[in-house]
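Working notes, structure below.
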Amino acid sequence: MTTLEAPALSVPAQRRAGRQRTRSAGYTALGIVFLAVMLFPVYWMVNASLQPSGNTLNASFFPWNPSFDGYARAISEQGANLVTSLIISLGTVVFSLLVAAPAAYALAQFRFRWVNIALLAILISQMIPGIVIANALYAAYNDLGLLNSIPGLILADATHAIPFVILIMRAFMIAIPTSIVEAARVDGAGLVRAFVSIVLPISRNSLITAGLFAFLFSWSDFLFALTLTTTDEVRPVTLGIYQYLGTQVSNWSAVMATAVLSSLPAIALLILAQKFIAAGATGGAVK
Amino acid sequence: MTPQRVSETAPEAFPGTRPAPTTAAPTPGALPPVRTRKRLTREGVVRLLFVAPAALYLLLFFGYPVVKNVTMSLQAYTTKTFFTGEAPWVGLANYEAVLNSSLFWPSMVNTALFTVGSIAGQFLIGLALACFFKRRFPLSNFLRSMLLLPWLLPLIVSSATWRSILDQDSGILNRFLGTFGLDAVPWLTSPSVALIAVVLVNIWVGIPFNVTIIYGGLQDIPDELYEAGALDGATGWKAFWNITLPNLKPVISVVLVLGVVYTIKVLDIILGLTNGGPANATQTLSIRSYQESFINFEFGAGAAFSNILILISLVFAVIYLRANRRAVDE
């Protein structure tokens, strides 16, 4: 059976004669090799962050004598920025879900006549380059006094999240049987009540998936941090890393320690919330 | 953003959408049966309130910027504007200046090379890995989901990491190559290599997205096709060429077109790795737009670059919608 499937790489092909079990063990080994190559940069980031010398010049392949100086410096210099990033990201999650979840439900269940146009508009909005939005927002924020402000960055970062959240939640909500909501309506619940007490609890998984991605998108944002702040009043950690890079990198271990700390949400979510991340990565994607 | 925004393509979600550009009305025949027009009831208002916040947000944060970029590009919009509030109309002067600037064609060429190179690499490696993971073996699902990590990391983190790896003197890559007796390559400091290095990093970033989508497409090819093919002697590469590729075609066109749309706007990776240098070797349209607006404070010129970028995206958006429709038809 396996031989009938799409051929992959030549090494496994040579094992065709081998027994099923050795073969699949071979595949697993090969898969681990591929993964190791792909994740090597991540390993190197962690390794470099623990090097004592402060630069990667003599970095050994493994941090035999791990030094946490890089982390000490990263936390003292970038700790506040990490907190800023965290506040902005959580704010983006709340705002995006509040705005997008009802819209997703409406587009999934209300049979508006213009649903197709709305979906097309959302799809196209995802294709608009961020720099276009930044150009226009800078001028508008300047007039409104939203530059260098956390609400300003939350609103801007939500552009990464809202179209995605609407589309992914709609894909889940379209499967909710109308009878469930109708039963509640018969019992006298209004639309809003039915949405809050029935639809949202049923959609818990998709809410979590959408929320996790909204968090990651906002946490990763660099463009709006770069363009919509002019002072160091409000400074997300992505911008902190960029400034490290700009000022002639002399202390790689501090840069890499900051990079590791900024990667923690992604790493933690990929391991702890794998189910939700996988749902977000494949959900609605071309099937 | 970058290739990592998962595209919500869901072809089945757009049954009747015409592959026309922006505001085209959908084909009437594809609409759900129109019920008799009813008056705006209280219930109808509540229904509209479900979408109102999102609609307002999309108008303000996507619609307004697109329009504003068009008007800005026709104005002398500079630092002075922020003090005096005056932005005189200058017609097409910004476009003239942009098209005649010495960096325009190099940045066009770089954008094309960056996009084509990145997508070719991401796609081929993504396809190979997706085919590999389609064989079920112990841990295959776990390994495949761990592969997503580069896609979830903040791009600026990836840029910083790769900058240390690619460092000419102390980077691990040159030290590794050195063990084979190769000379140190000035990855990010030589104008002739920098674009290649940036493309390589972007390929690394984009592989997980490609694997995920192509893997999904592979899963949807029925096993019977391979079984029937095997009876006719189509196994191995033959099966790949005659069964896998033709059946994967709609997914491939979507993944390629989306790749273009997401790659031409990449900013973080290039800014983090080279800042458009050395000697402008990695200038692309989006880097130009950023630098004109936010380094030179020539918002008019920056907007002109942005609009050229939008125009190119639009062409590919149309191609995408066509490919998507074909995927539905097939």
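Chain A is the first sequence line, chain B the second, and so forth, proteins listed ahead of strands; every chain is numbered from 1. Note that the structure is a prediction, hence the values are computed from the model and not measured.
Annotation: side chain of A:Arg111 is not in contact with side chain of B:Arg47 (no heavy-atom distance under 4.5 Å). B:Leu143 has its side chain out of reach of A:Tyr27: every pair of non-hydrogen atoms, C-beta onward, lies at least 4.5 Å apart. Side-chain contact between B:Arg136 and A:Ser24 is absent, with no heavy atoms from C-beta onward closer than 4.5 Å.
In this structure, chain B has no heavy atom under 4.5 Å from any part of A:Ala118. In this structure, the portions of A:Ala139 lying under 4.5 Å from any heavy atom of chain B include both its backbone and its side chain. Contacts of A:Ala121 with chain B are absent, with no heavy-atom separation under 4.5 Å from either backbone or side chain. Contacts between A:Ile162 and chain B at a heavy-atom distance below 4.5 Å involve the side chain alone, from C-beta outward. Proximity to chain B (any heavy atom under 4.5 Å) is shown, for A:Leu269, by neither the backbone nor the side chain.
Between B:Phe50 and A:Tyr105, the ring-plane angle classifies as tilted under the 30° and 60° cut-offs. Note: A:Tyr138 and B:Phe297 have tilted aromatic rings, judged against thresholds of 30 and 60 degrees for the angle between ring planes.
Distance check, rounded to the nearest 0.5 Å: CG of A:Leu147 to CZ of B:Phe82 gives 8.5 Å. Put simply, CG on B:Leu309 and CD1 on A:Ile128 are 11.0 Å apart, with the number rounded to the nearest 0.5 Å. Considering CE of A:Met127 and NZ of B:Lys265, their distance stands at 8.5 Å, rounded to 0.5 Å. Rounded to the nearest 0.5 angstrom, B:Leu147 CG and A:Phe34 CZ are separated by 10.5 Å.
Counting only distance, with no hydrogens or angles, the side chain of A:Trp219 and the backbone of B:Pro154 share no donor-acceptor pair below 3.5 Å. At distances below 3.5 Å, not a single donor-acceptor pair connects side-chain atoms of B:Ser293 with backbone N or O atoms of A:Asn135. Checking side-chain atoms of B:Arg163 against main-chain N and O of A:Leu245 turns up a donor-acceptor pair under 3.5 Å.
Per-residue heavy-atom pair counts under 4.5 Å with chain A were compared for B:Leu60, B:Ile243, B:Val157, and the maximum is reached by B:Val157. For the set B:Tyr57, B:Tyr215, B:Phe299, B:Tyr64, the entry with the most heavy-atom pairs within less than 4.5 Å of chain A is B:Tyr57. With respect to chain A, the highest number of heavy-atom pairs below 4.5 Å among B:Val46, B:Ile310, B:Leu149, B:Ile214 belongs to B:Leu149.
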